[in-house]
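Comments concern the structure below.
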Protein chains: 2
Amino acid sequence: MSDPTSPLVDQTGRPLGPRAVETRLRLLETTKDLLSQRSVREIRVVEIARKAGTSPATFYQYFKDVEDAVLALAKQSSQELLDVVDTVSGSWDGANALDTARNIVDAFIRHWDEHHAVLRVRNLASDEGDPQFRKVRRESLSPVLQAIAQQIERSQASGHIANEIQPQAAAAALTAILERLAAYRTELEPLGITRKDLVETSARILVQVITGDQPK
Amino acid sequence: MSDPTSPLVDQTGRPLGPRAVETRLRLLETTKDLLSQRSVREIRVVEIARKAGTSPATFYQYFKDVEDAVLALAKQSSQELLDVVDTVSGSWDGANALDTARNIVDAFIRHWDEHHAVLRVRNLASDEGDPQFRKVRRESLSPVLQAIAQQIERSQASGHIANEIQPQAAAAALTAILERLAAYRTELEPLGITRKDLVETSARILVQVITGDQPK
DNA sequence: GCAAAATCTGATATACCGTCAGATTCGGAG
DNA sequence: CTCCGAATCTGACGGTATATCAGATTTTGC
């Protein structure tokens, strides 16, 4: 992520004064709002501008296009996850492991519930190879990924996990589960599977893969 | 999936003759080709039409919009996965489990490598709630999901897995791994993690979660 | 109170969308 | 063959969004 203390600039690189910052923020909020109502593909710059009480020309002063605005939103969200996961990740030793896992799973679900529209676009663009979105995504998930990989290495060193497991690959696999939890919900709830089921099941999978043993 | 033997129709519901079928196919192929080069958002109907040697008006004869064309492509791809997985899913008993898992993981990676552009759009639209894309996705993954869930239930009945695990939720989690394998590759290969690592690691996670024990 | 800087917008050239009436092509009856 | 009706395709067009820029408006510092 770009240094969050670095001053905001417009498309020509000029730093923003207080009025401009506010306009930019209003445009971002409106974008986020619209994004929760329709697909990115259907969002028009004109619509963002009008809803934000300004003009299309102003929008282009701050963003290259709609996707560029979503990139800014993605940076915000990603920073938020960093903060949350930090406060939530504890020890993976014995009895604590399951609680740590539960906390992480819960944090991810809340994060995705809050930002699903933005994060979906982020992941699509990232998968499509866009370097900027890729960077944002990586920086957001990296701490989680590294923490998990490290823990797996430890379990491997103590003989709890087979050497054929590649720690980083396994960490990536588990992260995939976390990233798609929110999407499951709408698929699974009609089947009578609750959020609690989802958290507990995922947490146990995490523990099992990370420690090599099923939690007690 | 809609009955594949049902005759193709145009936007007004009229069945297609042989020339029309060919034109439609050419438009689909062109769409697929463009989709592998740029994001859906950037694909123009005009461009598809011209590259397919026809006119925009013709495109609209067969598809509502670009997304509608991708939906058709998604149906194709999904059918393909059904076929592949069918031939590849074997027994989860003891020594066979790991091979079965390897086969499934390998099939998914190949499937995503082949169709990533289409499948990404399918999943995005599905996550966004589009009923048609949702249906296609569900029908494609359902057999895998059900097979895994059933196997987990069995392990649970024999006491190998804790009752706190919800079989369908666990199956969904594992499917998430499968669905994102291809995306990992571009992230993990720069770190020196090979396709083989990925297959082996994921397969072992599958076995561990499904049977409750690490494979030998 | 006023000039300079910052911010915003009307106007516009350009491009795509999505439709329809009519042109073109095709297949088969005579 | 040739002609006709059905199938298929497209030119042309009105509507709308994009993206830019010169100039209008607002704010700031003095």
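A note on names: the letters A, B, ... follow the listed sequences, proteins ahead of strands, and every chain is numbered from 1.
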TODO: Mind checking salt bridge (charged side-chain N to carboxylate O under 4.0 Å, His left out) for A/Glu164 and listing every partner two or more places apart, or none if nothing turns up?
DONE: B/Arg204

Task: Residue pairs fulfilling side chain to side chain donor-acceptor pair (under 3.5 Å) with at least one residue in residues 143-152 of chain A, sequence neighbours excluded - done: A/Gln151-A/Arg154

- [ ] Not counting sequence neighbours, list each pair that qualifies as a side chain to side chain donor-acceptor pair (under 3.5 Å) and has a residue in residues 165-190 of chain A.
- [x] A/Asp113-A/Arg185, A/Arg122-A/Glu179, A/Asn123-A/Glu179, A/Arg137-A/Glu179, A/Arg180-B/Asp127, A/Arg185-A/Glu189, A/Thr186-B/Arg134

Open item on the list: I'd like to check the side chain to side chain donor-acceptor pair (under 3.5 Å) partners of B/Ser55; sequence neighbours left out, ordered by chain and number.
Closed with: B/Thr58

Task: Contact list for residues 59-69 of chain A, test salt bridge (Lys or Arg N to Asp or Glu O under 4.0 Å), sequence neighbours left out - done: A/Glu67-B/Arg41

Open item on the list: According to salt bridge (Lys or Arg N to Asp or Glu O under 4.0 Å), does anything in residues 24-34 of chain A pair up with another residue at least two apart or in another chain? List the pairs.
Closed with: A/Asp33-A/Lys51

Quick one: [X] [atom1] to [N] [atom2], roughly how many Å, whole number?
X	N	atom1	atom2	answer
B/Gln11	D/dC9	CD	P	14 Å
B/Ile48	C/dA15	CD1	P	19 Å
A/Leu16	C/dC8	CG	C1'	13 Å

Open item on the list: Taking atom CD as the centre, does B/Gln11 end up with more than 12 heavy-atom neighbours from other residues, nucleotides or ligands that are less than 6.0 angstrom away?
Closed with: yes

- [ ] For DNA chain D, find the residues of residues 21-42 of chain B with a heavy-atom distance under 4.0 Å and give them by number; none if there aren't any.
- [x] B/Thr23

Task: Partners passing ring-ring contact (aromatic ring centres under 6.0 Å, His included) against B/Phe59 (at least two apart in sequence or in another chain) - done: B/Phe63

Task: Touch class at under 4.0 angstrom, heavy-atom based, for B/Tyr62 against every strand present - done: sugar-phosphate

Open item on the list: Can you tell me if A/Thr54 touches the phosphate of C/dT9, counting only side-chain N or O atoms and a distance under 4.0 Å to OP1 or OP2?
Closed with: yes

Open item on the list: Strictly under 4.0 angstrom, non-hydrogen atoms only: write out the protein contact profile of nucleotides 17-27 of chain D, one letter per nucleotide from the 5' end, B, S or -.
Closed with: SSBBB----BS

